[in-house]
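Heads up, the thing below is written out as structure tokens.
Letters go in sequence order (proteins before strands), and every chain restarts at 1. In this text, all values refer to a predicted model and were calculated from it rather than measured experimentally.
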Protein chains: 2
Amino acid sequence: MEPTTEHEAELLAADAIGDVIEHWGFRKALGRTWTVLYLHGDALAAADLGERLQMSAGAVSMTVTELQRWGVVRKVWIPGERRDFFEAETDFWKMISKVVQERERFLAVSVRERLGRAQAVLKRRGGGAAARARVERLGRLLNFSTMAETVIESFLASRRVDFGDFGNLLALGRQVTAAAAGKGRKG
Amino acid sequence: MEPTTEHEAELLAADAIGDVIEHWGFRKALGRTWTVLYLHGDALAAADLGERLQMSAGAVSMTVTELQRWGVVRKVWIPGERRDFFEAETDFWKMISKVVQERERFLAVSVRERLGRAQAVLKRRGGGAAARARVERLGRLLNFSTMAETVIESFLASRRVDFGDFGNLLALGRQVTAAAAGKGRKG
DNA sequence: CTAAATCTTCAGAATGTTTTGAAAGTTCAG
DNA sequence: CTGAACTTTCAAAACATTCTGAAGATTTAG
């Protein structure tokens, strides 16, 4: 069924972004809600969101709370209005940085730490050629995850400098290139 | 509880990679299984995997089948052995390319297509200033997803050229930089 | 061909996640 | 204050995903 009304078009876009957000490990509802707010422009009340997206009051409440925790939606106060209104953050880079900072970075660090501990155990226990080969392979995995961390750090650093438009990506390209060149061999 | 035996260390590493793989939207078991094969070096039989990871025969079968579909595990035939043995692909870049190619790329294309359709509807319906602003914002989202696609294509292209070690990353840095510079403004 | 070994499949169980709906909490106008 | 409007919370329901275990299919040795 092709969308024809404005509302259907809105849902089509919201669903597409919902899929992206789900792909990144969040609830679909977060992406859909952000998109509706983003497209609408003006702030919307919780009840509006619930109606547009067919969500219960409870679901809307939890969703906007989480979106605020991630800094991608703000509560705005509208004079003379008793209800809370919400509007979307519109700076994509800001949003992505935040997520990379708090999620990807955390995972990368935790993974590197665990691989490191595992390698330490294998090293300590020694063993024959097979055991040494195992330590070596774990080392490769460790190198790889260290590199992933470097890419993430480069990205975050490029954000801090804050260029306009595509500048961030340009800076990232340069920094990753430099970091990779500096770190040297093995991957 | 700190790991002390070789087996515990293996599980610690397998679990760490399992988390990464889950973060990328696959089943944890895929990451764990690949890691055990990778660390072990020599091919293992399904029953070995089941014992090491405490999985039922059914789960092992489904898991190695899926890993083979993704090209990250191979079935090897061992002369004189009746059972199937499995070994891990060891080229990380090869594995990641495959996933990016089949999953990220697919999603990026599908999202861009849907956003495009949504924008077409809004454009067709016309409307006042608010409606025009909505079309414009949807355009920004569309630009952004086009850019994401470009980054993905650059990555895949850099892989095809195939440099050693960190060369891929260097090439990616250069290509993304070039692509971003070429595409121009707005992000 | 037969029987043992092995692998695959899949219905149902177990587990994990998200949403609902109602109760409790908060805020504010009157 | 009090009560209406609104929001938050959370237990249970709905839903989704993953795993188990056993039946059936397949392979191979004899």
Side-chain angles (χ1 to χ4, degrees), chain A residues 11 14-15 17-37 43-70 72-87 103 107, chain B residues 11 14-15 17-37 43-70 72-87 103 107:
Chain A
L11 288 184
D15 232 56
I17 300 300
D19 282 352
V20 173
I21 254 49
E22 190 178 37
H23 193 75
W24 275 59
F26 298 92
R27 285 171 22 242
K28 218 173 199 159
L30 296 190
R32 284 205 272 248
T33 302
W34 176 85
T35 306
V36 166
L37 288 175
L44 285 173
D48 288 328
L49 286 170
E51 194 182 352
R52 281 163 190 257
L53 292 166
Q54 302 287 36
M55 295 164 73
S56 70
V60 172
S61 172
M62 288 189 293
T63 300
V64 296
T65 299
E66 194 168 348
L67 286 170
Q68 281 173 283
R69 260 210 308 107
W70 284 101
V72 304
V73 156
R74 271 184 300 277
K75 195 180 277 192
V76 298
W77 183 70
I78 296 188
E81 274 286 0
R82 190 158 164 183
R83 305 172 289 171
D84 291 339
F85 282 73
F86 302 92
E87 69 177 17
R103 273 173 50 102
L107 180 65
Chain B
L11 288 184
D15 231 56
I17 300 301
D19 282 352
V20 172
I21 254 49
E22 189 178 37
H23 193 76
W24 275 60
F26 298 91
R27 286 167 26 238
K28 218 172 199 160
L30 297 190
R32 283 205 273 249
T33 302
W34 176 85
T35 306
V36 166
L37 288 175
L44 286 173
D48 288 328
L49 287 169
E51 194 182 353
R52 280 163 193 257
L53 292 166
Q54 302 287 38
M55 296 164 73
S56 69
V60 172
S61 173
M62 287 189 294
T63 300
V64 296
T65 299
E66 195 168 349
L67 285 169
Q68 281 173 283
R69 260 211 308 107
W70 284 102
V72 304
V73 157
R74 271 185 299 277
K75 195 180 278 191
V76 299
W77 184 71
I78 294 187
E81 274 286 358
R82 188 157 163 183
R83 305 172 288 172
D84 290 340
F85 282 74
F86 302 92
E87 69 178 16
R103 272 174 50 101
L107 181 66

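Following rounding to the nearest Å, A:Trp77 (CH2) and D:dC6 (C1') show an atom-to-atom distance of 16 Å. Residue B:Glu81 contributes atom CD, which lies 14 Å from atom C1' of D:dA29 at whole-angstrom precision. One can place CD of A:Glu66 at 14 Å from P of D:dT8, the figure rounded to the nearest angstrom. Going from atom CG of A:Leu49 over to atom P of D:dC6 covers 15 Å, rounded to whole Å. Remark: P of C:dT26 and CG of A:Asp84 are 15 Å apart, rounded to the nearest angstrom. Regarding A:Asp48, its CG atom lies at a distance of 11 Å from the P atom of D:dC6, rounded to whole Å. Atom CD of A:Glu22 and atom C1' of C:dT18 are 11 Å apart (whole Å).
Summarising the local packing, CD of B:Glu51 is surrounded by 12 or fewer heavy atoms from other residues, nucleotides or ligands at distances under 6.0 Å.
In this structure, CG in B:Asp84 is found 10.0 Å from CD1 in B:Ile78, a value given to the nearest 0.5 Å. With rounding to the nearest 0.5 angstrom, the CG atom of A:Leu44 is 5.5 Å from the CG atom of A:Leu37.
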Pairs under 3.5 angstrom, nitrogen or oxygen only, protein versus nucleotides 2-5 of chain C, please.
| unit_1 | atom_1 | unit_2 | atom_2 | d |
| --- | --- | --- | --- | --- |
| C:dA4 | N3 | B:Arg82 | NH2 | 3.2 |
| C:dA5 | N3 | B:Arg82 | NH2 | 3.4 |

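With hydrogens and angles disregarded, a donor-acceptor distance shorter than 3.5 Å links the side chain of B:Thr65 to the backbone of B:Ser61.
Applying the side chain to side chain contact (heavy atoms under 4.5 Å, CB included) test between B:Thr33 and each of B:Ile17, B:Val60, B:Val72, B:Leu49 identifies B:Leu49 as the sole match.
Look at B:Arg27 and B:Glu66 and you find a salt bridge, because one of the NZ, NE, NH1 or NH2 atoms lies within 4.0 Å of a carboxylate O, short of that distance.
B:Trp24 pairs by the ring-ring contact (aromatic ring centres under 6.0 Å, His included) definition with nothing, not counting sequence neighbours.
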Reading nucleotides 10-22 of chain D from the 5' end, what letters show protein touch, with B for base, S for backbone sugar-phosphate only, - for no heavy atom under 4.0 Å?
B-------SSBB-
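Cation-pi check for A:Arg103 over A:Phe26 is met; the charged atom lies under 6.0 angstrom from the ring centroid and within 45 degrees of its normal.
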